[in-house]
Amino acid sequence: MSISNNKGLLLVISSPSGAGKTTISKKLVDDIDGIELSVSVTTRKKRKDEIEGKHYYFKSDNEFQKLIKASKFIEYANVFGYFYGTLKNEIVSKINNGLDVIVDIDWQGTRQIEKYLPDDIVKVFILPPSIEELENRLGKRASENKENFLKRMSEAKKEISHYKEYDFVIVNNEIDTAVNQIKSILFSERLRRYRQLSLKATIKKLL
Ligand code: 5GP
């Protein structure tokens, strides 16, 4: 965990499923210091290649409801018939310690987090290059059953319709380009005046 002189920010990344946001998020964390992924809680079933505590915390409906009652979530939403939620303790202490956190959530969650942490959130929406490419990417997920796949395709358009609620929109034609575009957003946002906590002291010495 690297501690900086900045207040950390929340890089919210939304997109329809299959637009490449998981790959992009992972590359950002691998390439950049001072940024971590928030691990969400979900009631959906674990996919074959997923690891408990790394990709998600997998919980029953009952356990999820208990976390809601205990006010553990910064936001939660029902997405495709399952619950997903972001834990406060995945976020708050990290940004207060100067770490940036990537949050991969849907538009409903983004609205809630924005109310909770309006100054700390940077919202990025990722679009697939075409609907055909999106179908292609979703169809390649071997562990999805057909019914689930069709449901996600119809939900994709619903998610895309919320792109206007985001600060930045990126078309993921080519993964490295998309990653570089998000890096430039992140590096610029880190330089925002109010995020530079040591600025006052620097200015005091200068004037
Ligand atoms: P998947 O099941 O494919 O991993 O994710 C399905 C959708 O749920 C994605 O659009 C993803 O962004 C969203 N999602 C994942 N975690 C959270 C969360 O903690 N909160 C909300 N609101 N959405 C989430």
Side-chain angles (χ1 to χ4, degrees), residues 1-17 19 21-22 24-29 31-43 53-57 59 64-79 82-127 159-170 179 181-200:
M1 189 186 271
S2 84
I3 309 294
S4 72
N5 281 327
N6 272 17
K7 178 154 195 224
L9 57 82
L10 271 183
L11 188 68
V12 170
I13 303 185
S14 298
S15 76
S17 275
K21 124 192 93 163
T22 311
I24 289 173
S25 303
K26 197 182 165 300
K27 274 185 177 263
L28 290 170
V29 171
D31 290 0
I32 303 171
D33 281 339
I35 191 158
E36 288 188 357
L37 271 174
S38 159
V39 180
S40 293
V41 180
T42 184
T43 60
K54 181 168 184 239
H55 296 98
Y56 283 104
Y57 301 109
K59 302 281 182 201
F64 199 96
Q65 293 305 320
K66 277 188 189 154
L67 290 170
I68 296 175
K69 282 205 186 105
S71 302
K72 297 287 184 195
F73 289 119
I74 207 165
E75 66 78 31
Y76 66 90
N78 190 313
V79 189
Y82 298 103
F83 281 105
Y84 293 81
T86 308
L87 293 166
K88 281 180 191 162
N89 67 11
E90 284 282 315
I91 307 271
V92 178
S93 64
K94 287 180 184 165
I95 61 171
N96 286 336
N97 283 323
L99 264 180
D100 299 328
V101 183
I102 297 178
V103 199
D104 162 354
I105 58 174
D106 81 326
W107 65 273
Q108 305 173 81
T110 306
R111 282 188 181 175
Q112 293 172 55
I113 291 198
E114 188 160 31
K115 278 191 198 139
Y116 196 84
L117 295 166
D119 296 334
D120 304 309
I121 184 172
V122 178
K123 299 172 292 176
V124 179
F125 198 90
I126 299 176
L127 291 172
E159 184 74 23
I160 289 170
S161 72
H162 290 276
Y163 79 97
K164 283 187 187 161
E165 297 173 31
Y166 290 74
D167 304 311
F168 300 95
V169 179
I170 285 174
V179 169
Q181 285 169 335
I182 302 195
K183 281 182 187 172
S184 58
I185 293 168
L186 177 73
F187 295 149
S188 305
E189 288 290 337
R190 281 180 171 176
L191 292 174
R192 279 204 190 269
R193 191 180 62 241
Y194 60 83
R195 293 206 174 101
Q196 296 192 53
L197 299 180
S198 58
L199 200 57
K200 263 194 188 155

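Starting from 1, each residue takes its place in the sequence as its number. For clarity, every value in this text was computed on a predicted model and none was experimentally measured.
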Tell me, do Leu28 and Leu186 make a side-chain contact under 4.5 Å, heavy atoms counted? no
Examine Phe64 together with Tyr82 and report whether their ring centres are nearer than 6.0 Å. no
So how far is it from Lys7 NZ to Asn96 CG, rounded to the nearest 0.5 Å? 5.5 Å
CD1/Ile182 to OG/Ser25 distance, rounded to the nearest 0.5 angstrom? 7.0 Å
Interatomic distance, Ile170 atom CD1 to Ile24 atom CD1 [nearest 0.5 angstrom]: 7.0 Å
Please find the pair of heavy atoms, one from Asp106 and one from Ala77, that lie closest to each other, and give the distance. OD1-CB, 4.0 Å
Leu191 CG to Asn6 CG distance, which is reported to the nearest 0.5 Å: 7.5 Å
Stepwise side-chain contact (heavy atoms from CB on, under 4.5 Å) test for Leu117 and Ile91: CA-CA 10 Å; Leu117 295 166; Ile91 307 271; 4.1 Å; yes
Could you tell me if the side chain of Lys59 sits less than 4.5 Å from the side chain of Lys66, heavy atoms only? no
When rounded to the nearest 0.5 Å, the distance separating CD1 of Ile160 from CZ of Phe125 is 6.0 Å
Check the pair Asp104, Leu37 against side-chain contact (heavy atoms from CB on, under 4.5 Å), reporting the backbone distance first and the verdict last. CA-CA 8 Å; Asp104 162 354; Leu37 271 174; 5.6 Å; no
Would you say Leu199 and Arg193 make side-chain contact, with heavy atoms under 4.5 Å? yes
Side chain Glu159, main chain Trp107, donor-acceptor under 3.5 Å: yes
Please report the closest heavy-atom contact between Thr110 and Lys123, naming both atoms and the distance. CG2-CD, 3.7 Å
For residues 181-190, which residue pairs pass the side-chain hydrogen bond (donor to acceptor under 3.5 Å, both in side chains) check, not counting sequence neighbours? Asp31-Lys183, Asp100-Arg190, Glu189-Arg192, Glu189-Arg195
Heavy-atom donor-acceptor pair, Lys21 side chain to Ile126 backbone, under 3.5 Å: no
Counting heavy atoms not belonging to Tyr76, are there more than 12 under 6.0 Å from its OH? no
Would the distance check show the side chain of Ser14 and the main-chain N or O of Ile105 forming a donor-acceptor pair, the cut-off being under 3.5 Å? yes
Report the C-alpha separation of Tyr57 and Leu87 in whole Å, then their side-chain angles, then the decisive distance to 0.1 Å, and conclude whether the side-chain contact (heavy atoms from CB on, under 4.5 Å) test is met. CA-CA 10 Å; Tyr57 301 109; Leu87 293 166; 4.0 Å; yes
Closest non-hydrogen atom pair between Leu67 and Val41, with its separation: CD1-CG1, 4.1 Å
Which heavy atom in Ile74 sits nearest to a heavy atom in Lys88, and how many Å separate them? N-CG, 3.8 Å
With Ser38 as partner, the option from Val12, Leu10, Leu11, Val101 fulfilling side chain to side chain contact (heavy atoms under 4.5 Å, CB included) is Val101
Is Tyr163 close to Ser15 at the side-chain level, that is, under 4.5 Å between some pair of heavy atoms? no
Hey, mind stepping through His55 and Val39 against side-chain contact (heavy atoms from CB on, under 4.5 Å) and telling me if it holds? CA-CA 6 Å; His55 296 98; Val39 180; over 6 Å; no
Between Ala19 and Leu127, what is the shortest heavy-atom contact and its length? CB-C, 4.3 Å
Arg111 CZ to Glu75 CD distance, which is reported to the nearest 0.5 Å: 13.0 Å
Within the structure provided, determine whether Phe83 and Gln65 are in side-chain contact (heavy-atom separation under 4.5 Å). yes
